[in-house]
Protein chains: 4
Amino acid sequence: MGPPVRTLQPLPVERGNILLSERRTAYSARVTTGTGSLREAQKALTRSRIIDAARVVFEQQGYAGASIGLITTEAAINRATFYLHFPDKAAVFREVVALDRMHTDEYWRELNTALMAGTREAMSRWILRLTHWARDNASLMPSKHEAMASDPEFAKEFQPRYDRLSEEIAQFLLTVPADDRPDMKVRVQMLVVMLDQMFFHALVQGVWTGGEDQLLRVATDVCCKALDIE
Amino acid sequence: MGPPVRTLQPLPVERGNILLSERRTAYSARVTTGTGSLREAQKALTRSRIIDAARVVFEQQGYAGASIGLITTEAAINRATFYLHFPDKAAVFREVVALDRMHTDEYWRELNTALMAGTREAMSRWILRLTHWARDNASLMPSKHEAMASDPEFAKEFQPRYDRLSEEIAQFLLTVPADDRPDMKVRVQMLVVMLDQMFFHALVQGVWTGGEDQLLRVATDVCCKALDIE
Amino acid sequence: MGPPVRTLQPLPVERGNILLSERRTAYSARVTTGTGSLREAQKALTRSRIIDAARVVFEQQGYAGASIGLITTEAAINRATFYLHFPDKAAVFREVVALDRMHTDEYWRELNTALMAGTREAMSRWILRLTHWARDNASLMPSKHEAMASDPEFAKEFQPRYDRLSEEIAQFLLTVPADDRPDMKVRVQMLVVMLDQMFFHALVQGVWTGGEDQLLRVATDVCCKALDIE
Amino acid sequence: MGPPVRTLQPLPVERGNILLSERRTAYSARVTTGTGSLREAQKALTRSRIIDAARVVFEQQGYAGASIGLITTEAAINRATFYLHFPDKAAVFREVVALDRMHTDEYWRELNTALMAGTREAMSRWILRLTHWARDNASLMPSKHEAMASDPEFAKEFQPRYDRLSEEIAQFLLTVPADDRPDMKVRVQMLVVMLDQMFFHALVQGVWTGGEDQLLRVATDVCCKALDIE
DNA sequence: AATGAATGAGGATTCATTCAT
DNA sequence: TATGAATGAATCCTCATTCAT
């Protein structure tokens, strides 16, 4: 009878969530290591503190709502110190998002694998993986959407993901008849957009009524049918 | 050889588009007429001026970028007057969006018809219709996304659209075996989310590379396959 | 034995002088009267309060040292109110100086009369008059010099005084042989520059050692000789 | 028919002039050489680099506009290094000006000679010399005026020049009847102030309309007449 | 002696909002 | 009802200055 239907927890990202700070530290800390001299290490430490704090603030307050004052307070540093490391809010935000994106790419790449496999099973596994990813990144998404909507720069910067995606699945596309490739590319893009958005609605904004099982089942089915899998 | 491939014009909504003002005026004017006494009529007039001005400003400046000062300047009224009609920015925004939503519902309702028809042709026609709608509403979308992302209230308020949508297609759902209904509902929701988002990317943010024909063709195909049409 | 030698009091303008506030109020108040409606009157009142306060601050702190915060504190109004009346510090300063300039012109005009008279007596009287004027305006001079030195705009705006001066004495120039006029014009300009600067040194910066009598006597003598008077 | 009338080039000192850097380097270098140990030499080198850079910045940005950051950037040294050599902006400015003053004194001393000669010719030559000096120092003058106007300390420090001047011409004063000496001293001071200021207007601020010839001719005439020369 | 990093303090603006008219 | 004027609260940003290295 399958696993119990666990309603998708809409993730308590509603501006106040502080759950992920631990992992976040890991994120940016990872970047700092191996720099060399002591001074550089210290600078990198401060920098990563800012990034971590920024992430917390962006998650809690959204993009527009985040002020540099809040970030520096959260990072427990002087406001002026911020400007030593970043020119403005947008710059830190880019950094914060970049850390996420590293993982993003990783997951997208797996899509290629799943498509190559060409089985419902593989698709299902990938979509499940996607939910995990969405859950991890959910808290920052509102800010990302907000930034993209309010600042054309960000829109240009973050959106290309979908374009690059089509390159990620280049391998898979080669398995498709040459004539069908352009359409297939668009088809995959659409589905990715769909899943992306769907998980955003489901996880971040909590506006999905059904259970997680149903969501996964239907999503898999839609994708497979659209891609003529099985 | 089919119609010529016209690349989707990414719609010059890039903060400055003023194309729709005419229609907009019609929108809010429609609401004000026939209220009753003279005083009320005047008040309603001012109110609709604010709404129209607000729309212009939201389109040009985005949600966060729109200040009450800009709105009242655009409306050529005093800043204080604004507060006689609306408590804050969010309130006007709700009104502005509401005017769009009237139409929104209208279009969604047609989805039910298309689904009932159950033909690729009907689906294709509806999707085409959707692109028109998207084109009309494109300019306000960034603000809407921004507002939703930054203000949880808006998220709750605007998202339910997808829930209500499932009610709109209730009629269609009755034609589906009772056991399949829950999944079918989710399936349609997903596709709507997909189309919605797709047109946002394609029209508003102009990040779609293919032509309009391709977009429509693939979208129709994905939807039909996912819904077992044909 | 002549009048007693009274050493020129270098005027306690050394950032802290508050002596002239009374007169100042008179200055700007004069401007406000006769506006008409009550609202306008109130606005004008605030405006003149800002100007008066600005003058005090400029006198005490110099141009660079004067901040908008200091001005609004002195005026006992909100900082934002300032921006309702002036775009920036430079704008108020212009206004403050303008009030002085009204008088300035008046005094320069008398130079023409003195020159026309062509007697040592008339020159002496005018120079004496000039010292009074200098004394009255001494406190603002440092700021003026500072503003002129630091902001080319001000230099352009305030300096032309010397050019306009040559127009003020046009009448006198007509009494001079046509051939000598250009040189005579320059000659007068030089002397005015000299007196101007001299009184600035003597009164404002207090770096003159001699007594007031001596100063007047020598100045008169230099001027008369240079102009072939007597 | 005299030399051709060359309009006084108002000297492109308008914050951006960089003409004099060569000479300037010479200035401060002269001071640093011959100090002794290697360390001291290095220190002196840095010190002179700061002074040179400061001069450039003061010329370009004015006194208030010059920040320590700008100076150290121009000198290509660390901001903190500045504080090893000077306590603050005022201190470097003093040095910068002092370098000028060495020359200043030199020129003033020649005034004594000219006065002793007591001929129109000698006066004329000295005044011409003065214009050269003014031209050389023009670029720094705005800052000097600004500093004097904003900081009473500077006023006290730079002004005394006029007092010391009277000592420079002590020799000449001895040739004057004892009774007339006090007045003569003041008379010369006045004329020097006049010339000083005149060249400032003419060269630095470019507000003089006439040609250089006229300026020199009239200035010479005024001085000679005022001093009963010829 | 020189530097990189960090800080504290202060100044300019802008905005939403409230009064008295 | 509509307005002009005023306000309080934030925010951004820059600068002079110090400290550990």
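Values below: every heavy atom of this structure, side chains too, minus hydrogens, waters and symmetry copies. Within every chain, numbering begins at 1; the chains are lettered A, B, ... in the order of the sequence lines, protein sequences first and strands thereafter. Just so you know, these numbers come straight off a predicted model, no measurement behind them.
Listed by chain and residue number, C:Phe58, C:Tyr63, C:Phe154 satisfy the ring pair (Phe, Tyr, Trp, His ring centres under 6.0 Å) test with C:Phe93 (two or more places apart in sequence, or in another chain). Residues meeting the side-chain contact (heavy atoms from CB on, under 4.5 Å) test with B:Leu70, sequence neighbours left out: B:Val57, B:Gln61, B:Ser67. Remark: A:Ala80 pairs with A:Asn78 by the side-chain contact (heavy atoms from CB on, under 4.5 Å) rule, at least two apart or across chains. In this view, D:Arg79 satisfies the side-chain hydrogen bond (donor to acceptor under 3.5 Å, both in side chains) rule with no residue, not counting sequence neighbours.
For the pair B:Arg47 CZ and F:dA2 C1', the computed distance is 16 Å after rounding to whole Å. The distance between atom OH of B:Tyr83 and atom P of F:dG4, rounded to the nearest whole Å, is 16 Å. D:Phe82 has its CZ atom 13 Å from the C1' atom of F:dC15, to the nearest Å.
For B:Thr81 and C:Thr46, each mapped to the nucleotide of DNA chain F holding its nearest heavy atom, the one lying further toward the 5' end belongs to B:Thr81. Along DNA chain F, the nucleotide nearest A:Arg79 and the nucleotide nearest C:Lys43 are compared for position; the residue whose nucleotide lies closer to the 5' end is C:Lys43. Both D:Leu84 and B:Asp88 lie close to DNA chain E; mapped to their nearest nucleotides by heavy-atom distance, the more 5′-ward contact belongs to D:Leu84. Between D:Gln42 and A:Ala80, the residue whose closest nucleotide on DNA chain E is further toward the 5' end is D:Gln42.
Pairs passing the ring pair (Phe, Tyr, Trp, His ring centres under 6.0 Å) check and including a residue from residues 71-91 of chain B, sequence neighbours excluded, read B:Phe82-B:Phe86.
Using a 4.0 Å cutoff to heavy atoms of chain A, the contacted part of DNA chain E runs 5' to 3' from E:dT3 to E:dG8.
Looking only at side-chain heavy atoms (C-beta outward), D:Met148 and C:His145 stay at 4.5 Å or farther from each other. Put simply, the side chain of B:Arg55 reaches to within 4.5 Å of the side chain of B:Ser139, judged on heavy atoms. With a 4.5 Å cut-off on side-chain heavy atoms, C:Thr81 and C:Thr72 do not count as touching.
Summarising the geometry of A:Glu146 relative to A:Gly65, their closest heavy-atom pair is OE2-N, 4.4 Å, with the distance given to 0.1 Å.
To the nearest 0.5 angstrom, C:Lys43 atom NZ is 13.0 Å from C:Ser48 atom OG.
Helical stems involving DNA chain F, defined as 3 or more consecutive Watson-Crick or G-U pairs under 3.5 Å, span E:2-21 with F:2-21.
Residues from residues 65-72 of chain D lying near DNA chain E, meaning a heavy-atom separation below 4.0 Å, are absent.
Side chain of B:Lys89 to main chain of B:Ala66: a donor-acceptor pair is present (N/O by atom type, distance under 3.5 Å, no hydrogens or angles).
Of the candidate nucleotides F:dT14, F:dA16, F:dT3, F:dT3 has the atom nearest to the side chain of B:Asn78.
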